[in-house]
Amino acid sequence: MNRWSLMGEFLALMILAIIFIRYYAYEGRVVYTRKKKVFLFCLLAAAVSTLLNIITVILIFYPGAAPIWLGVLLNSGYFLFLGGTCSLFALFMFLLILEHVYDQHCMKLALAALSILFALHVLMVLQNLFTGTLFYYDETGCYQRGAWNRSVFLLPMLQLVLLLVCYIRNRASVHPSTVYVMWIMPPVVLLLCLFQVFYPDFLLNGILCAFVSLILFLSFQTYTGDQDSLTGVRSRNSFMAELSLRVGGQQPFQVIVVSLLSFSDINLRYGHATGDAILYETARYLDQLYPQGHAFRTGNVMFTLMLPWDSQEQAAQRLWAIRDRFCAPWVLGELSCELPCCMADLCYHGGGTAAEVMDQLEYTLMLAKAGRSVVRFDESIRRRMRRKQELIEIMHEAIQQNRFRVWYQPIYCCHHNLFCSAEALLRLNDRSGTPVPPSVFIPLAEETGMINDLTWIVLEEICRLLSSGVIPGLKTVSLNLSMQQLLDPDLASRIQRYLTQYGLRPDCLKVEITERFLLHDARYAKQQLSSLAAIGIQIYMDDFGTGYSNLSSVLDYPFSYIKLDRSLILHVLEDTHAELMVHTLLSLFHSLGKRVVVEGVEDGQLADYLKRCGADMIQGFYYAAPMPREELISFFSEQNL
Ligand code: C2E
Ligand code: MG
Ligand code: MG
């Protein structure tokens, strides 16, 4: 009598049950993606074939307990189910391998090959009914293995070969967790199949299915962080992974980023629950818009749609369709609201790295946010990006090689009819020696954090100049500060350390701050400026009148001087309203105890007029443009006679 061990099969059933409970029953709110559905079928098929195996083996243990025809039926069913289970697992693996491949050609080939193999397997099981090559019942009613019994393992082996070929062809686009599966699963399947061929009395078919399910289940665990819990669409992590897989496989795609603007207004107006519901709606809309497209929540109020790229026309159509949808109101029950947004669009046609594509996307989005509009990545944006990259390199080099220069623009003191002060302004030349305007490199320095180094370079230059005493008439020099310095808790003590090191009094340094920086964190900025004022450094509000400044800031912060921007005084001589405004501002600031510097004065008539109006200081090309230190020395000695 056959005495085969069923231990493995019972163990397999337990493993399958645990996976099922953990994956489908325990996680109450399961989103049934195609992948999850196929995996569920795999688990069910594995459980049924294992159960059939147990039943048939028990019947084999007790010959005569059931009629032979039932034994033949159950055994044939078992062989069929085993083939079906292997085919389902193989299908699932193909889906995993090709998950990030837009081209359906491979999937179609895989489906055809799997169907043919399964059909051959069915034929083999059916022909056994007449030939007994897989199994038969002898004249005593006992189950006997046929001559080809072990050939059932040919099916998983051939499927494994197909999977390996498909994996090798598409490996650049295979998700890392699938790569892990492909490293572990083939050796496990191979070993178990070989073991089964050589030791057929240990029944391991169920264990084989259970091991494969377990390996797949474990690989799923790495996916759990890939879904956004609020909207159910994929997360930012998932987008990054998908992007590198698509770029790795050189698959053309289109990415559309939709960034919602002023979403805090929606939350304030309708409450956070409604805000969440609107985010859910927008995410679902984008996710379901095109069958081959996936939406990702790549920021709090930012969604990214990734689609296969076919043609420029189609890409443009999709973009404008989404733009039009966001121009129309969103209706949620009784509520109807507008969702202003900006959009960035990028079409990838191969080449480059995922990091480069990500940089291009971020740069395009930055432009879109700045203009609150739709921006498509193109050649001109690529050139601008390259120039930006090049400038950042030039700036790093210039810091290392000490090539930044500090120039000074003299400031005329109206009360003493003398030049008494100067503003320190940074200068940089690119590799060809062409000057790069500060309006270009200062924002870059602020963006990259280089502004910190640059500020200390300028301060040190100022200290050197003042402590050398080469310009006796130069009483004070002003230093421009950026946001980053205002955020540095060590700012006041660091400036003081420089002054002490060069033996300078704090009142010879003035710092200039544009009000735009104060808006960022008003309380902290005020605290910082107060600590500067406390050590005796005078503070200028720079660029008053450029659109950010307002009078309450003038009162709120410890400014001693207000610098009126050039835009305010441009039309003073020909426009009576402009004249009235400057006049009023000067007397208002004076009555508030502030002194006024007027910037950007380019002609003598205007300078005379401003003097008559009571301006305290004047700075502008009429008197002098910014100049290097040596020129400043001769300028002061010639002018302040
Ligand atoms: P700002 O602080 O308002 O500096 C005055 C700017 O006006 C300077 O431009 C100066 O050359 C220009 N200017 C002076 N007089 C006239 C005039 O009569 N007509 C015209 N059209 N322009 C005049 P510059 O040197 O190009 O600097 C631009 C901005 O870059 C500065 O504006 C400042 O915000 C920033 N900047 C320059 N150096 C530094 C620095 O060391 N640190 C920081 N944080 N910012 C700096
Ligand atoms: Mg300034
Ligand atoms: Mg200014």
### Message
If you count heavy atoms of other groups shown closer than 6.0 angstrom to CG of Asn300, is the number above 12?
### Response
no
### Query
Nearest heavy-atom pair of Gly545 and Ser567: which atoms, and what distance?
O-OG, 3.7 Å
### Message
I'd like to know whether NE2 of His583 has more than 12 heavy-atom contacts from other residues, nucleotides or ligands below 6.0 angstrom.
### Response
no
### Query
Closest approach of Arg427 and Pro438, non-hydrogen atoms and distance?
NH1-CG, 3.2 Å
#### Entry: Closest contact, heavy atoms only, Ile278 versus Cys337
CD1-SG, 3.6 Å
### Ring centres under 6.0 angstrom apart (Phe635, Phe419)
yes
### Query
Do Ser262 side-chain atoms and Asp265 backbone N/O form a donor-acceptor pair below 3.5 Å?
no
### Query
For atom NZ of Lys526, is the number of surrounding heavy atoms from other residues, nucleotides or ligands below 6.0 Å larger than 12?
no
### Task
Taking Gln409 for its side chain and Glu423 for its backbone only, find out whether a donor-acceptor pair lies under 3.5 Å.
no
### Message
Nearest 0.5 angstrom please: Leu532 CG to Gln527 CD, how far?
### Response
11.5 Å
### Message
Let me confirm one number: the OH-CD distance from Tyr348 to Gln254, rounded to the nearest 0.5 Å.
### Response
15.0 Å
### Query
Hey, do the aromatic rings of Phe303 and Phe296 have their centres closer than 6.0 Å?
no
### Query
Is it true that a side-chain atom of Asp565 and a backbone atom of Leu568 form a donor plus acceptor pair closer than 3.5 Å?
no
### Task
For Arg387, look at atom CZ and say whether over 12 heavy atoms of other residues, nucleotides or ligands are found less than 6.0 Å away.
yes
### Query
In Å, rounded to the nearest 0.5 Å, how long is the span from CD1 of Ile562 to CG of Asp542?
10.5 Å
### Query
From Thr274 OG1 over to Tyr280 OH, what is the distance, rounded to the nearest 0.5 angstrom?
15.5 Å
### Task
May I ask you to decide if Ala295's main-chain N or O and Asp287's side chain share a donor-acceptor pair within less than 3.5 Å?
yes
### Query
Taking C-beta and beyond as the side chain, do Leu367 and Ile381 meet within less than 4.5 Å on heavy atoms?
yes
### Message
Treating Glu631 as the side-chain partner and Pro628 as the backbone partner, does any N or O pair qualify as donor plus acceptor under 3.5 Å?
### Response
no
### Message
Measuring from atom CE of Met395 to atom OG1 of Thr448, what distance do you get when rounded to the nearest 0.5 angstrom?
### Response
5.0 Å
### Query
Is the backbone N or O of Ile633 less than 3.5 Å from a side-chain atom of Ser637, with the two atoms forming a donor-acceptor pair by type?
yes
#### Entry: Main-chain N/O of Glu446 paired to Gln484 side chain as donor or acceptor, under 3.5 Å
yes
### Task
Verify, without hydrogens or angle tests, whether Ser373 (side chain) and Lys369 (backbone) share a donor-acceptor contact under 3.5 angstrom.
no
### Query
Between Asp345 and Arg376, is there a salt bridge with N-O shorter than 4.0 Å?
yes
### Query
Taking the six-membered ring for Trp, are Phe377 and Tyr363 ring centroids under 6.0 Å apart?
no
### Over-ring placement of Arg325 relative to Trp320, 6.0 Å and 45° cut-offs
no
### Task
Using a cut-off of 6.0 Å, state whether more than 12 heavy atoms not belonging to His416 lie near its atom NE2.
no
### Message
Apply side chain to side chain donor-acceptor pair (under 3.5 Å) to residues Tyr412 and Asn417 and explain how you reach the verdict.
### Response
CA-CA 7 Å; Tyr412 183 77; Asn417 290 328; 3.1 Å; yes
### Message
When you measure from the side chain of Asp543 to the backbone of Thr546, do you find a donor-acceptor pair of N or O atoms at a distance under 3.5 Å?
### Response
no
### Message
Tell me whether Glu602 is salt-bridged to Arg566, with the criterion being a basic N under 4.0 Å from an acidic carboxylate O.
### Response
yes
### Task
Could you tell me whether Arg431 and Glu393 have a side-chain N and a carboxylate O separated by less than 4.0 Å?
yes
### Task
Identify the heavy atoms of Arg236 and Met358 that sit nearest to each other, and give their distance.
NH2-CE, 4.0 Å
#### Entry: Test log, rule side chain to side chain donor-acceptor pair (under 3.5 Å), inputs Ser264 and Asn267
CA-CA 5 Å; Ser264 49; Asn267 281 333; over 6 Å; no
### Summary
From the list Asp556, Ile537, Leu481, Leu486, side chain to side chain contact (heavy atoms under 4.5 Å, CB included) partner of Leu529 resolves to Leu486
### Task
Check Gly275 against Phe263 and note the closest heavy-atom contact, atom names and distance.
O-CZ, 3.4 Å
### Query
Only one of Gln389, Lys388, Arg382 clears side chain to side chain contact (heavy atoms under 4.5 Å, CB included) with Arg386; which?
Arg382
### Nearest atoms (heavy-atom pairs only) where Arg494 meets Trp456
NH1-NE1, 3.1 Å
### Message
So does Asp488 get a backbone contact from the side chain of Gln528, meaning a donor-acceptor N/O pair under 3.5 Å?
### Response
yes
### Task
Identify which one of His415, Arg595, Lys594 satisfies the side-chain hydrogen bond (donor to acceptor under 3.5 Å, both in side chains) criterion when paired with Asp616.
His415
### Query
Ring centroid separation for Phe441 and Phe404, is it under 6.0 angstrom?
yes
### Task
Output the distance between atom SG (Cys341) and atom CG (Leu260), rounded to the nearest 0.5 Å.
6.5 Å
### Message
Counting C-beta onward and ignoring hydrogens, is there a side-chain heavy-atom pair between Tyr408 and Leu425 closer than 4.5 Å?
### Response
no
### Task
Would you indicate whether Gln605, at its atom CD, is surrounded by more than 12 heavy atoms from other residues, nucleotides or ligands within a distance under 6.0 Å?
no
### Thr476 vs Cys420 side-chain heavy atoms within contact, under 4.5 Å
no
### Query
Is any side-chain heavy atom of Arg234 less than 4.5 Å from a side-chain heavy atom of Gln227?
no
### Task
State, without any angle test, whether Asp378 and Ser380 hold a side-chain donor-acceptor pair at a distance under 3.5 Å.
yes
